[in-house]
Amino acid sequence: MTDFPGLKLTNIDMPSSGSPITMRDEGKLIVPNDPVVPFIEGDGIGPDITRAMKMVTENAVYKAYGRNRKIYFWEIYAGEKCNKIFGNWLIDDTLEAIKYFKVAIKGPLTTPVGGGIRSINVRLRQALELYACIRPVRYFDGVPSPLRDPWKVNMVVFRENMEDVYAGIEWPKGSVECMKIRNFLTEEMGVSLREDIGLGIKPISAFGSKRIMRKAIKYAIEQNRSSITIVHKGNIMKYTEGLFRACCYKVAEEEFSGQVITEGEARGKTAESLPDNKILVKDRIADAMFQQILLRPEDYDVIVTPNLNGDYLSDAIAATAGGLGMAPGANVGDEAAVFEATHGTVPKYADLDKVNPTSLILSSAMMLDHIGWKEAAELIVSAVERTIQSRVVTYDLARQMEKATEVSCSKYAETLCQNM
């Protein structure tokens, strides 16, 4: 049994092998050759796609590094399986494990609509301070798309994770709390409100806005991206989303002035006169941005946005490149990162070995890149490219492609391993 000093678990067993990823004071990961990576299987189709992801990831690591490196996947719990075993949808051991090992990966988790448990995904993000939801979307040649020129799609959405309506400050219609807030607003603030309302508060802070912009700019610099677009509804919500826009520009201008140029500064200059080494920072109104990703996707690179807009926008961009089944994602903070499938649990296909696991598999490639194992990450991405071009795909893509060979989730994963 490997020793993990400082890790205290109540309900689940310690990992039997592997070493923890640690972190230097400046936030840099120290990755051993045998890292423990906690995983949450997920609900519905989660077990199927998680098995596929583990197979592909382990093969990529072996083919990239031989016996010199190995990932030790270790199961932790959240969602339906967790509730069945422990009587709780999310246990403290899971949070402690992710904090301790720094990097984890998860399948989709159930969130009831309109009642029942609150979102486990939101609880994970808030408890672990995973303030940046990062969704890269790029087109893979051969994937069916509603766009005429889908190869122009190559965007990365940085969605603020901790604030906005997802902060969850709301009260149901008819509750004592709701009536107190309504009475205060009507009597003290002079706001006209009907009596039969539910109420919610939309908090957006300067701190949270600056933090997500800072992370987006650092990413754009490291990845040699050309532009950052702030997406907001500040023309209507002037003191929340307007604040978000203002804070994003402030970070760009005050902290990265030598590395960025704003659209205002660039206005009137020719393309040839713009500095090649500077990232263009611009902003767009949220509703107009939905047009832009369809009509001019080549003009947009890194996108930074408040929580709710980012939720809508990242799914819409994914649709242009084959849907959520092709879109990876990560929730990243300063201390930990959780990589995830970006789609739902699709319970009607649970245990049928049928669905497309590419979202979670590409999320594992993001995870490998995050820990510095770039060669293994590149093997996964190139294998996805080759496999799709060979038209060996799961049902969701096969029904839209001519002369495609439809395969199961597990067979698709095996094909990816063969194509590395």
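T186 places no side-chain N or O within donor-acceptor distance of the main-chain N or O of S192, the cut-off being under 3.5 Å. Although no hydrogens or angles enter the test, the distance criterion places no donor-acceptor pair under 3.5 Å between the side chain of T387 and the main chain of V384. Between the side chain of K238 and the backbone N or O of N235, at least one donor-acceptor pair lies under 3.5 Å. Between the side chain of T342 and the backbone N or O of A327, at least one donor-acceptor pair lies under 3.5 Å. Under a 3.5 Å cut-off, the side chain of R386 and the backbone N or O of N419 do form a donor-acceptor pair.
Side chains of Y349 and D48: no donor on one and acceptor on the other come within 3.5 Å. Of the N and O atoms on the side chains of T358 and Y412, at least one donor lies less than 3.5 Å from an acceptor on the other residue. Counting only N and O atoms by type, the side chains of T394 and E406 include no donor and acceptor under 3.5 Å apart. Inspection of the D334 and Y131 side chains reveals an N or O donor paired with an N or O acceptor under 3.5 Å. Residues N83 and N88 bring no donor and acceptor atom of their side chains to less than 3.5 Å of each other. A donor-acceptor pair shorter than 3.5 Å cannot be found between the side chains of D43 and T345. With no hydrogens or angles considered, no side-chain donor-acceptor pair links N309 and H232 at under 3.5 Å. Under 3.5 Å, the side chains of Y300 and Q292 contain a donor-acceptor pair of N or O atoms.
Closest of all the heavy-atom pairs between I105 and S363 is CD1-C, 4.3 Å. Between D93 and L9, the shortest heavy-atom distance links the atoms OD1-CA, 3.6 Å. The minimum heavy-atom distance between V157 and T305, with the atom names listed, is CG1-CG2, 4.0 Å. Closest heavy-atom contact between G258 and K278: O-CE, 3.5 Å. For A319 against P146, the heavy-atom pair with the smallest separation is O-CD, 3.4 Å. In this structure, Y100 and F4 approach most closely via the heavy-atom pair OH-C, 3.2 Å.
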Do M237 and F244 pass the side-chain contact (heavy atoms from CB on, under 4.5 Å) test, and can you show the C-alpha distance, the side-chain angles, and the key distance before you say yes or no?
CA-CA 10 Å; M237 289 170 275; F244 181 86; over 6 Å; no

Stepwise side-chain hydrogen bond (donor to acceptor under 3.5 Å, both in side chains) check, T320 with Y139
CA-CA 8 Å; T320 69; Y139 178 71; over 6 Å; no

CA sep, side-chain torsions, deciding dist, call: R125, E340, salt bridge (Lys or Arg N to Asp or Glu O under 4.0 Å):
CA-CA 12 Å; R125 293 166 190 166; E340 65 178 356; 3.6 Å; yes

Candidate pair Y249 and D283, rule side-chain contact (heavy atoms from CB on, under 4.5 Å), full reasoning:
CA-CA 9 Å; Y249 272 120; D283 73 279; 2.6 Å; yes

Run the numbers on E96 and K8 for salt bridge (Lys or Arg N to Asp or Glu O under 4.0 Å), then give the verdict.
CA-CA 8 Å; E96 290 303 314; K8 296 179 181 180; over 6 Å; no

Test side-chain contact (heavy atoms from CB on, under 4.5 Å) on T229 and V304 and set out the steps.
CA-CA 6 Å; T229 305; V304 62; over 6 Å; no

Going through the checks in order, is the salt bridge (Lys or Arg N to Asp or Glu O under 4.0 Å) test met by D299 and K152?
CA-CA 9 Å; D299 289 351; K152 294 178 179 179; over 6 Å; no

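Considering only heavy atoms from C-beta on, V56 comes within 4.5 Å of M420 through its side chain. Side-chain contact between Y77 and I85 is present, with at least one heavy-atom pair separated by less than 4.5 Å. Proximity of T262 to L280: side-chain heavy atoms (C-beta onward) are nowhere separated by under 4.5 Å. Within the 4.5 Å cutoff, the side chain of V332 has no heavy atoms near those of the L130 side chain. Counting heavy atoms from C-beta on, the side chains of H343 and P108 come closer than 4.5 Å. At a threshold of 4.5 Å between non-hydrogen side-chain atoms, the residues P144 and M401 count as touching. Residues I204 and P306 form a side-chain contact, since some pair of their non-hydrogen atoms from C-beta on lies under 4.5 Å apart. L416 is not listed as a side-chain neighbour of N59, based on a closest heavy-atom distance of 4.5 Å or more.
Taken to the nearest 0.5 Å, the NZ atom of K233 stands 12.5 Å off from the CG atom of L308. We find the CG-OG distance between L243 and S209 to be 5.0 Å, quoted to the nearest 0.5 Å. Between atom CG of residue L124 and atom CG of residue L95 there is a gap of 6.0 Å, rounded to the nearest 0.5 Å. From E160, atom CD reaches atom OG of S205 across 7.0 Å, with rounding to the nearest 0.5 Å. Rounded to the nearest 0.5 angstrom, D164 CG and N307 CG are separated by 5.5 Å. Here the CZ-OG1 distance, from F39 to T50, works out to 7.0 Å after rounding to the nearest 0.5 Å.
Just one residue in the list L128, L7, T94 forms a side-chain contact (heavy atoms from CB on, under 4.5 Å) with K99, and that residue is L128. Results of the salt bridge (Lys or Arg N to Asp or Glu O under 4.0 Å) test with K202 over E241, E170, E163 single out E241 as the only residue that passes. Under the side-chain contact (heavy atoms from CB on, under 4.5 Å) rule, I303 has a single partner from I228, V156, I317, which is I317. The one candidate from R182, M189, E188 that meets the side-chain contact (heavy atoms from CB on, under 4.5 Å) condition with L185 is M189.
At most 12 heavy atoms of other shown residues, nucleotides or ligands fall within 6.0 angstrom of atom CG in D92. Within a 6.0 Å sphere centred on CD of Q223, other residues, nucleotides and ligands contribute more than 12 heavy atoms. Within 6.0 Å of OH on Y312 lie no more than 12 heavy atoms contributed by other residues, nucleotides or ligands.
Salt bridge status for E75 with K54: absent, with no side-chain N to carboxylate O gap under 4.0 Å.
For residues 301-312, the salt bridge (Lys or Arg N to Asp or Glu O under 4.0 Å) pairs, not counting sequence neighbours, are R159-D311, R225-D301. Within the structure, every pair that satisfies the side-chain hydrogen bond (donor to acceptor under 3.5 Å, both in side chains) test and touches residues 252-261, not counting sequence neighbours, is listed here: R214-E255.
With a 6.0 Å cutoff to the six-membered ring centre and a 45° limit on the axis angle, R138 counts as a cation-pi contact of F140.
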